[in-house]
Amino acid sequence: MQKILKENPTTILLTAALAAALAHFGGWGDTWVFILAALGVIPLAGYIGSATEALAHYTGPKIGGLLNATLGNAAELIITLVAIREGLLELVKASITGSILGNLLLVMGTSMLLGGLKNGSQRFDRKQAGNYAVLLAMTIMALVIPSFFGHSMGDEGSVGVETLSLGVAGVMIVLYVLGIIYSLKYNNSPISAGQEETSHSKPTYSKTAAVIVLVIATLGVVLLSELLVGAVESVVSQFGLSEFFIGIILIPIVGNVAEHLVAVQAAIGNKMELSIEISLSSSLQVALFVSPLLVFISLAMGHPLTLMFNPFELVSLGAGVVIAALVSMDGESNWLEGASLLAVYLILGLAFFLLPVAIQ
Amino acid sequence: MQKILKENPTTILLTAALAAALAHFGGWGDTWVFILAALGVIPLAGYIGSATEALAHYTGPKIGGLLNATLGNAAELIITLVAIREGLLELVKASITGSILGNLLLVMGTSMLLGGLKNGSQRFDRKQAGNYAVLLAMTIMALVIPSFFGHSMGDEGSVGVETLSLGVAGVMIVLYVLGIIYSLKYNNSPISAGQEETSHSKPTYSKTAAVIVLVIATLGVVLLSELLVGAVESVVSQFGLSEFFIGIILIPIVGNVAEHLVAVQAAIGNKMELSIEISLSSSLQVALFVSPLLVFISLAMGHPLTLMFNPFELVSLGAGVVIAALVSMDGESNWLEGASLLAVYLILGLAFFLLPVAIQ
Amino acid sequence: MQKILKENPTTILLTAALAAALAHFGGWGDTWVFILAALGVIPLAGYIGSATEALAHYTGPKIGGLLNATLGNAAELIITLVAIREGLLELVKASITGSILGNLLLVMGTSMLLGGLKNGSQRFDRKQAGNYAVLLAMTIMALVIPSFFGHSMGDEGSVGVETLSLGVAGVMIVLYVLGIIYSLKYNNSPISAGQEETSHSKPTYSKTAAVIVLVIATLGVVLLSELLVGAVESVVSQFGLSEFFIGIILIPIVGNVAEHLVAVQAAIGNKMELSIEISLSSSLQVALFVSPLLVFISLAMGHPLTLMFNPFELVSLGAGVVIAALVSMDGESNWLEGASLLAVYLILGLAFFLLPVAIQ
């Protein structure tokens with residue numbers, strides 16, 4: 001028991017998952033349900049991640065890369081799909097933005113801060129990281145450019161806006177498939193970085209165990225997402241928080257803590273290159289895979305999600321991607337750079353928090 | 001005959017040039033005139049290019065560089081001058097934007113895609129390409145910054161806007177002259193890249209033949225431009241396309257196909273550095289030479305063109321130049337990067353296409 | 001006397017400082033007071049700089065770095081504090097912007113132009129310069145991001161805007177302190193670059209003389225700032241200039257000429273790396289130290305300054321920082337690059353000049 005906790009400290013949060021169910025059925029109030037469900041998602045997302053890695057080990061690097069690239073964001077995908085069903089489209093778009101920002105500013109910042117404090121100035125091969133950063137910059141620009149055209153095309157639901165969103169989603173999925181083909185050919189994938197590195201170690205689970213863990217953890221995330229999303233509106237109105245703030249800051253953190261820890265640990269272990277690649281590759285997955293998938297599924301669900309981001313999301317994404325590109329192409333990091341990345345994230349968070357609920 | 005077609009496959013399009021005249025005088029309708037005239041410009045622009053190169057061979061590298069830098073965009077310059085005379089100012093501004101975007105996204109993307117498919121991951125000396133990219137970034141920012149001030153200064157035709165446009169055009173021309181002086185001194189020109197490389201081969205024409213070809217091809221472009229521009233408004237109203245779409249996508253492609261082919265061929269021949277330099281240098285020529293020239297000539301023509309770009313042009317140029325700078329400073333390209341550049345171009349094209357005609 | 005003038009040519013402007021007092025009390029009119037006081041600040045700012053450096057020599061590099069980082073912008077800080085007292089908040093914000101722009105475009109441009117003309121193409125280690133540029137990019141984005149949120153939060157004086165400004169100022173000051181800790185530890189400071197280089201030479205003053213010069217020059221700047229700021233409004237209305245133009249172009253030049261000369265001289269002496277580091281580090285000081293200090297002091301003074309920049313400032317800062325980052329990460333400079341930087345500054349200056357007074 002103690003050994004498990006030491007190896008995976010988030011395991012203790014499984015009790016939160018159970019407590020969330022109790023809170024829901026015991027009528028503890030939506031606030032408790034929200035907090036406990038959010039905490040409960042963290043370890044389950046971690047289990048999905050480690051089970052996927054174990055499976056990847058058995059299937060070999062090629063199919064393994066594919067598994068990592070598709071299941072890497074499973075927890076967030078499930079939460080956002082439940083949110084789409086409930087019609088919380090602003091929350092979904094905010095969580096796409098927040099997931100990219102979290103990877104580029106929060107995770108990269110924490111990695112460089114802690115890695116720098118531990119190891120001093122850290123150099124890394126700028127070539128690979130720069131390559132990923134350039135791909136990411138292009139992808140995110142492609143993702144957000146249509147937002148600048150949306151307002152001139154009419155309302156959210158107009159045919160032009162919907163067509164453009166579907167077009168962008170289609171182009172993104174094609175790029176994603178090309179990215180997978182590229183990674184199968186060169187064994188070096190901009191959309192599933194870090195996988196190779198970790199696959200050398202012995203897998204945590206046997207093949208069967210991995211599948212069972214994957215299924216159970218996924219079901220758990222589905223149930224907790226129902227509780228979480230069901231409680232959002234009540235929390236929003238009670239605390240004066242906005243759907244937007246919850247989507248852009250809270251959801252992405254909850255859904256990705258496990259993945260984030262891997263990047264930070266790599267930085268502390270002086271593998272800054274790996275750490276940066278995980279952050280960039282995780283953002284690429286969100287832009288190229290999660291967001292188009294949400295567009296298509298939401299259309300099928302009858303709550304069509306458009307890729308029209310609000311000005312706050314656009315400014316944040318623009319700033320985030322330029323900063324991440326500069327940092328990645330720089331070839332060197334230190335704790336001051338990490339602190340600056342966190343400062344940008346902090347200021348964005350403060351601004352999102354202070355935005356009046358009405359206009360978000 | 002077959003040999004000519006093999007060496008220069010666009011020669012066959014000369015028949016389109018003749019057919020355009022037939023269509024015009026035979027009353028085939030404006031759509032046919034437009035399409036045939038557009039196709040007909042392609043080979044003629046190519047002849048202007050090869051005749052210029054041949055002349056450059058005889059005049060030596062210094063005057064040759066000057067010739068390339070001034071005649072390199074002759075076809076586009078002629079089309080836009082005719083458009084100015086007809087008062088199609090939005091089309092002209094769109095074609096300036098589209099020409100820069102076409103070089104940075106379409107040509108660079110196609111080059112990296114095909115070059116990467118043929119040669120795998122391609123490295124290039126980032127120093128020179130980076131240098132050009134930095135110059136281009138500054139130039140384009142200088143070109144568009146005034147657009148942000150225009151709206152606060154009053155209407156399109158106000159004194160402030162006109163003064164600022166002339167000021168910017170003046171600064172651009174001075175930078176252009178400095179660029180030429182720089183290239184004469186260092187034999188390495190950011191505004192006529194690729195010329196040296198090609199001048200080693202035997203010229204296609206004798207000196208006299210080159211002059212004759214240049215004159216005839218130029219006259220041909222002038223005539224076809226008249227037909228093309230004359231048919232634009234009819235095509236616009238008939239197909240629901242916008243002046244803006246024609247200016248930003250069609251005109252730049254038609255006027256630069258020949259030049260584009262050179263860049264793509266260089267990439268396929270694994271000379272990625274040369275390919276990138278041609279794209280960047282071609283964009284620099286448009287920003288530093290074509291656009292100020294249009295401002296000055298349009299003033300003399302009584303249809304003053306201001307350098308106030310619309311928000312769609314600004315967003316596209318901003319995205320294009322940041323992406324091109326990152327790609328050029330990266331030092332390595334692969335087909336996935338090329339595909340991403342094309343994806344950005346495609347999404348922009350789709351957005352331009354879907355923009356309602358009214359607001360463009 | 002001649003020797004002094006040769007060593008420090010701005011000494012002659014001390015007569016302007018005296019003449020400014022004469023102009024004020026002799027009733028020569030506000031225009032003369034303004035011009036003479038502006039000229040008079042230049043040599044006094046220079047004396048503050050050299051006295052600080054002399055003190056830094058005696059206190060050792062650590063406290064010396066701290067002195068440089070805090071007193072480096074003393075003249076500008078004094079002028080802006082007087083302006084805050086008079087309620088000229090637009091002028092103050094414009095001068096923050098203008099100071100950053102002046103360092104990134106005017107000083108870096110002049111350095112690369114003159115350095116390039118003297119030494120040809122100049123290479124520099126892109127690592128350090130790139131590192132500073134990345135820090136600066138993050139800092140300036142953190143500084144301006146809130147401006148995008150301000151309009152949605154209500155009026156200038158609303159609680160949300162004020163809270164966000166104070167939050168940003170707090171984060172900036174923390175980053176500044178971290179920057180100082182970093183520089184004390186690694187003897188290599190992004191916020192007081194160039195200091196080490198100059199501290200090898202013998203100091204200009206003895207310890208006592210340095211303190212006396214510092215006190216007298218500071219008092220002189222205080223007095224001249226009173227005259228300068230007192231005359232601003234009269235000059236504004238008389239010449240049709242705007243508070244904004246004076247703040248963004250004139251004040252930053254006057255307050256920093258001495259520092260600017262050091263950067264340019266370093267470039268001419270083929271120390272391009274040092275030159276770029278001075279420009280970047282000087283901008284960092286303004287963003288991390290001067291601007292939050294003004295926010296806090298202005299609050300105490302009862303004229304709270306918010307960090308909500310106008311769209312013209314945002315566009316200029318965005319363009320400036322992207323260009324500076326590209327130029328610094330490029331690793332090579334030449335006079336054409338310098339001329340392009342100056343062209344961007346010139347066009348911005350022209351646009352600021354042409355902006356109607358009413359809307360600034």
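Lettering of chains follows the sequences in order, A, B, ..., and the numbering in each one begins at 1.
Heavy atoms of Leu350(C) lying under 4.5 Å from chain B belong to its backbone as well as its side chain. With a threshold of 4.5 angstrom between heavy atoms, Leu341(C) approaches chain B through its backbone and through its side chain. Proximity to chain B (any heavy atom under 4.5 Å) is shown, for Glu337(C), by both the backbone and the side chain. With a 4.5 Å cut-off on non-hydrogen atoms, Val168(B) touches chain C through its backbone and its side chain both. Heavy atoms closer than 4.5 Å to chain C are found in both the backbone and the side chain of Met138(B).
For the set Val322(C), Asn334(C), Val327(C), the entry with the most heavy-atom pairs within less than 4.5 Å of chain B is Asn334(C).
Scanning all heavy atoms of the two residues, the minimum distance from Val344(C) to Ala142(B) falls at CG2-CB, 4.1 Å. Taking all atoms of both residues into account, the shortest heavy-atom contact from Leu178(B) to Ala339(C) is CD1-CB, 3.8 Å.
Here the CG-CG distance, from Leu326(C) to Asn131(B), works out to 11.5 Å after rounding to the nearest 0.5 Å. Rounding to the nearest 0.5 Å gives a distance of 5.5 Å between CG of Leu354(C) and OG1 of Thr163(B). Atoms CG and CG, on Leu346(C) and Leu175(B) in that order, are 9.5 Å from each other to the nearest 0.5 Å. Atom CG of Leu348(C) sits about 5.5 Å away from atom CZ of Phe149(B), to the nearest 0.5 Å. Note that CZ of Phe352(C) is 11.0 Å distant from CG of Leu164(B), once rounded to the nearest 0.5 Å. Here CD1 of Ile347(C) is found 8.0 Å from CG of Leu143(B). Values are rounded to the nearest 0.5 Å.
Atom CD of Glu332(B) is surrounded by more than 12 heavy atoms from other residues, nucleotides or ligands within 6.0 Å.
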Quiz item: Is there a side chain to side chain contact (heavy atoms under 4.5 Å, CB included) between Phe148(B) and Leu314(C) once you walk through the steps?
Solution: CA-CA 10 Å; Phe148(B) 293 96; Leu314(C) 296 178; over 6 Å; no
